[in-house]
Each structure stands twice: as structure tokens, then as C-alpha cells.
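As the structure is a prediction and not an experimental result, all values here were calculated from the model. Lettering follows sequence order; numbering is per chain, from 1.
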Amino acid sequence: MASLVIWHKETKEILASLIKPLGNAPPPSIQGSFRHRPDLWDKLEFAWIDADMTTLQAKKYLEIVDGRPRLKEGGLRSG
Amino acid sequence: MIPANRKISAYLGIQRADGTWADLSHYLTQTEVELGDVSLVGTGNAGVDGRVRTLRFSLKQEGDSFSPRDKNSFWNTLNGEYSPLLWPNRKVRFDAIIDGVSYRLFEGYLGDSITADGSCECRDLSKRLQDCYIEEKRIYGSENGTPAEDVIQEILDDNLGEGEVELYCPVSPGFMVLTYELDYMSVWDAIQQVAGQFGWFLGYRLVDGEFKLILMEPPRQKDTPDYVLNYEDDIYVQELEINDADVRNVVVVTYKDSETGQRATVTLEEETSINLFGRRAMQIEEADTSLIDTEEEAERFAQAALDDLHDLPAVCRIDLPIFPQLDVFSTIQIHNPRISSTEDFYAVNSVRHTLDFVGGKFRTEVIAGGKVIGGHAIWLRKETRPGAKEPIKEEDIGPIDKIENKPIEIVDPSSGIKYSMDQWGFVAVDPNTEEVRPYVNRIAMGEASDGDFISLDFERTPQVKVVPRGLTTYNPDYSTDKQALRVFASDISPEGFKVNCKLIVPGIETIHGQGDNLRDVGDYWISPYTHPNTTSCLVSIRAWFRYDIWARMYNSAYFVYRIEEQPLGSSIWELVGEWTIGSREFNNNWLQARAFSGAKTATHQWDTSGGQKRIKLTMVDRYSLDPGTGTMYWGEMYVRVNSWREVSDFVADTGDVSWLAIEGGGGG
């Protein structure tokens, strides 16, 4: 799994998509990436996806449907 | 004799930021000037121990407010600019004026406590020395010995600036300091450590109408009274308490002789006291690193302790009409047949002058003993406690390597390159070119977007580099405006960092000054409102720590704080974040406690939607991870907003970065 997508349970807004780093950093998590916002922890949901996708890319190309992130219609294209 | 009818008034002056003095005498309701603890007899720190004078005063609210946050107040405006009068480190002078004669009782600085209602606590000029922390290790003394007063002046010059604070030493103590390394501590503690080696007084006293930092021998042999007081009209209350618990008449000092390299012992006795109270011995074990390293110095040290402890300690608390001439080391003769059938001689150990203009009470309270002493609690703190084992000597642990923060060094004989490793990392140094080649401890890299927080969980603050990998460099919609890239890492800590990657149209940046010191859980500070079009804020946090660490132990202090923002017109505070800032130190000395004080800083940056906002900093929690390993000075520790910036940049686009974080490698 390459990226962790984090979204708000109620609004379905994607807040972050964190690509697993190389080296000595731990894998991304809700608690690590929102370390200073413990008030949000139980309001967020996450899922791992196969693609390397940054937050800006995820906001642009993904949406949350049935509790899972999926490509928007006509979204990501190669080339 | 103190005259019965006197005209009493006072002068209270506070220095403004431009050096002029504001006269607040008219607003004064109550003041207390104190040197030492006068609340109890025979316990606590005496003025001769504490050596720091404090002033507390209250002002009546009449006309413009004294609250430092009232920007419309006359007192907080200087040349049309906001400049609060009651503000940390403003100089304060206080005089008692009796029958037209002015007596300076205090000169020092604001800062220990300033409240909105005009009640303040100040420390004397030593505050500057106590707040200045020695950040660089230096060597003092010399192989042949340097006079102690010169060493003290060198410490002052090195840390406060050449000639900034002049030591006044009318008579040299004749104490020579051999080479020693001065470890991290406050300037005040460092100079007291030197004076403590021969039992002299070092503090601010009035000399020729001016408070000077004086190094002087307490007038221990003084037996003539400066003032004669009579019970009929001079003394309101005189309490007598006799307690021999702290009498010591045999003093044994063990030290390391610099010539022989061996530990040696000096013993002094006071026969009269032994006959009166029985034999009361105390042992003082000076560490190998002590400045006392000759027999002469050890004898002198023992004699000073013996002089101060062989008699009954402070035995008398006297409450009398305001008498500003009295200070520590003053001597008085009292005729009070309700207490004693003779005219008794006393020397002042602690003193407090109170001028209460509302209650009409003008008093001087003193704690006095039978003779002049140079210290009481300071000697007893040096005593090797009964029941404790004799301190471990270096020869006892000779076969074992000392655990010290010394680097392990290996030299490659073929190239001369020195490889060294310590707790901070691993480096190689080429002796020919002096090139330093740092090796890293941890490294991580990846890709992220503007606004992401990257979690690292390192042990030390890393070096972080970010470079844009997907960011518009020009937005034609704003072609008439200047455009700029803002790509950087913020909020860098061992926990991680925040990514910033924006194309912006630059706006206005406004920098604001520091907020209140927050000391207790629940304390908070609220900023003024930002400008309406602020798009991001950057807050710099400063925390100050002070604690003692017992030998071979860790001690620590941590503050948890929260930053919130509130839009204008809303009652809801929105959480920006909650962080922890702390300090943990180890004392690697086998025998002596270590005093630690120092600051830590952190910065937090966040984007904010338009509209006016204000910021709130709250202390959520404070704790130590190592309870019971040293005294915690929570009253002096604080966390505060050191400065904060609001920026009204317009964000034209955001983007992605590639990032690299390195721990070690000379980067922290």
C-alpha cells in the first residue's frame, strides 16, 4: 500500500493523502499526521490505496463513496 | 529613639522604554520591601542567605488604567505609540520619605508578577543576573590563582557585556581561584558559587546612595550597636524564640588538596559554644571540583561557617515603626524589660519595610540574632546529612570509567582523521583541512502537499529541506501583481514538520510583541484582533525552565499548551493545535546537585480564512517525567508567546514538494 487517505467521517471531505515515506520515518497515521489536533481523531476515517498520491492530487482526483476512496468520474488520466 | 510624630510619604518611579521616569507616588496604596523571610523566627532563608531584595506594590485605579493591555491608557502610550508602563524589565525605584529626608529602599526590575489592577512584584538589580543564563562553557581562574573578585568580574563581563555590571569590592577577600570550568547555570548562581567558597556576602546593597553589587565580608566581629531602641515608644512587638537545633560548634571540611592531589581534612572548634550547647559537629564534603583546594582556603571556609553557626540562630522578631535605615548587618541595642532584664544586642538577619497608605500602617519588621552572621541556611545546606553514608570518593570508583558526556574518539594513524562519537552524533574531522564530515543518525524522504504534517518521531530536531515538485510559478489572473513562491518547512520538531508550498501575491506582514508569562494550568493569554485580511499566522513560543537535579539523576519539566483562534463576533474558540514543550537534563556529578535553568522555543504557522481573528494561548498541563529528583521552581517557569506575525498574503495556488529530513549530521 502506497498512500494513506484520510477523510472526515461526516462531511466526506478528504483532508490528507500521505505517501509512505522512505527511510527512518514511521508510516503515516491519523494520530501522527494530526498529532496536534487530538480533537479530530475520532471524527476521521482512513484507508490505504495503492497509488502514490499527495493531498492535493487526492483532493482533485478522489472522492469518498460507500466509506472508500475511489477515482472521480473522468478524473485521473495517464500521459 | 524613633520620633513619635513624623511626616511619611514615598516615591515610586518606573522607567519608561525611552529612559524617562514615570512618577507613580500619587497612586501608591501599599508597598513592601523585603530582604529575607520575616514571617517566622529561626526558619527559612534569612536575608543574609537569600541576598535578593523584593518589592511588592499596589496602585489605586484612578483615571487611566495601569493594565498593560489597555492601549488607550495614558500610561501605556509613549510618543503616540503603544508602550506599556507596567512591563517586564522596566526599572523600578522606591524611596521612603520621612520628614523630607529620602531613603532609597529599592531599585530593581518589574517582571515577577504584573496584574491588570496595578499590583506588581519586583526583584532587585540581581534579576538581570538571575535571568541571564551562561550558554557557553568557559574556563576561569589560572594555574597560579586569580583573585576571586576578578573571576566574578570576568563572569559578569563575559555574559552581560564588558562593564555592564561593575562589581564593587572595597576590600579584596584574598581568595585565589585556580583553573576551573564553569558549567551551564545562571550568572547569579555562578558568582554566588565563587563567593560561597569563602563565606562572603555578594548582593546588591546601598553604597553612597546607589545600589551596587558588592562583595564584602559580613561584619561578624561587629559588637557596637548602630541604633538604640526603647520598648516605650520604639517597639510594637518583640517575640523571642530560642532554638538550638541549628547550632554547630565543630566544623569539619574535607577537600581535595591541589598540591598533593589527595583529599584532606580541616577541623575547627568553638570552645565557648561547646561548653554552652554541647558538642555539635557538622561535616562539609567539598567536591574534587570545588574551588577550595588549599589548607588555608579550607580553614577560612570552616571558620566562616563556624562564625555563623556557633551561636543561637536568629532568635528575635521585632515589629517597630518604619525605620528605613535598618538593613541586614545593622546592629541594634534593645531595652525591653518585658523580654529581658538587660539591654540586649542584636544584629539584623532579615528585614521588611511596609508602607500602607490606605490602612495608615508604616512598619519595619526585622528578624535578628545575637551577632552578625554572613549566612545561616546556606551553610546548613552544605552539611553532609546525618545518617547519610560518606560521599563516594573518586578513588573508590577509580577502576570504573566515569559516565560523562565525553565523545569517544578514534584516530586513524594512516590518515590522521579523527572519528568521534557522542550522544549528538558521529563525525570525522580531517586534521589537515579541518574539514568536518558529519554522519547522519536518521534520514527520511518523501513527497507531500502544502499543509501536510509529516510525522517523523525522531529523538532530536532534524534538518529539513523541501523543494517544490509541482507548483504553478505564475498565475496570469494576477498578472499586474507581484507574485512569489513560499516553499519551506515550519513547526520543525523531533515529532515532525509542516509543509508549506504556495504561490502568493505578497501582502502586509505585521509583527507583534510578547504575551503574558503563563505559569499555572489554566492560565491563558489573548492577543488583540488581527487585520481583516490576514491569511496566515506564525507564533513563536518561548518556555523557561528552572529545576534542580540531584546527583546522578534526570529531572525534567514539561508544559502542554493549546493555541486557539476566534473570529470577530464569534464566541467559539477554534482549536489550532495542542503541543508539548519540555526540558530534560541529567546531572552527571556524583556528589553535588546541579541547578538547571534555560529556555526552549518553538514556532507554529497556520493558514487562516479571511476576517479578523484573535489568538489565545492556554496552559493545559505541566508535569515532570522524573518526580522527586530535584526541586521544581514552578513559580519561575513559564510558557508564553514570544512574538507573533500576521500576514495578509493572497494565496494564488498551492503545490507539492519533495522533502528530506536528517537527524544528526551536525544538524542537531
Side-chain angles (χ1 to χ4, degrees), chain A residues 1-11 13-64 69 72 75-79, chain B residues 440-460 462 464 468-472 490-491 493-499 501-502 560-564 573-581 602 604-606 620 653-664:
Chain A
M1 294 296 180
S3 304
L4 181 77
V5 179
I6 299 172
W7 66 92
H8 197 283
K9 278 180 190 170
E10 288 180 8
T11 64
E13 180 192 0
I14 292 175
L15 300 178
S17 176
L18 301 152
I19 301 170
K20 208 170 175 177
L22 299 172
N24 302 112
S29 65
I30 289 177
Q31 287 75 14
S33 304
F34 292 85
R35 185 182 294 263
H36 309 299
R37 294 295 307 270
D39 57 313
L40 288 178
W41 291 353
D42 59 358
K43 296 174 184 160
L44 303 179
E45 192 70 82
F46 72 92
W48 286 95
I49 60 171
D50 282 330
D52 281 350
M53 205 171 272
T54 66
T55 301
L56 289 177
Q57 290 167 335
K59 284 183 175 179
K60 189 171 178 184
Y61 299 119
L62 298 182
E63 61 184 347
I64 304 302
K72 287 178 183 171
L76 189 61
R77 293 164 195 270
S78 61
Chain B
V440 299
N441 190 37
R442 284 193 179 101
I443 187 165
M445 64 198 80
E447 289 159 7
S449 293
D450 174 71
D452 285 348
F453 183 83
I454 305 299
S455 178
L456 292 175
D457 285 337
F458 286 179
E459 286 171 14
R460 305 194 186 285
V464 179
R469 64 176 288 275
L471 174 62
T472 309
S490 66
D491 296 40
S493 76
E495 295 175 341
F497 64 92
K498 188 177 171 186
V499 172
C501 181
K502 293 181 178 72
V560 181
Y561 58 92
R562 179 190 300 145
I563 298 178
E564 296 161 291
W573 286 99
E574 296 161 2
L575 181 67
V576 173
E578 204 168 279
W579 291 267
T580 301
I581 192 165
H604 306 296
Q605 186 274 341
W606 70 96
V620 178
D653 200 5
T654 56
D656 291 343
V657 299
S658 295
W659 59 266
L660 176 68
I662 298 171
E663 181 190 44

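- The only option from B/Ile662, B/Leu456, B/Ile443 that meets the side chain to side chain contact (heavy atoms under 4.5 Å, CB included) definition with B/Pro462 turns out to be B/Leu456.
- A/Trp7 CH2 to A/Ser17 OG: the interatomic distance, rounded to the nearest 0.5 Å, is 10.5 Å.
- Residues B/Asp653 and B/Thr472 bring a donor and an acceptor atom of their side chains to less than 3.5 Å of each other.
- When heavy atoms are compared at a cutoff of 4.5 Å, A/Ser29 does not approach chain B at all.
- When each of A/Leu18, A/Leu40, A/Asp39, A/Thr55 is checked for heavy-atom pairs under 4.5 Å with chain B, A/Thr55 comes out on top.
- Each of A/Gln57, A/Arg37, A/His36 has some count of heavy-atom pairs under 4.5 Å with chain B, and the biggest count is that of A/His36.
- Looking only at side-chain heavy atoms (C-beta outward), A/Lys43 and A/His8 come within less than 4.5 Å of each other.
- When B/Glu447, B/Arg442, B/Glu495 are compared by the number of non-hydrogen pairs under 4.5 Å with chain A, B/Glu495 comes out ahead.
- Contact of A/Pro28 with chain B is not made at all, since no heavy-atom distance falls under 4.5 Å.
- Counting heavy atoms from C-beta on, the side chains of B/Tyr561 and B/His604 come closer than 4.5 Å.
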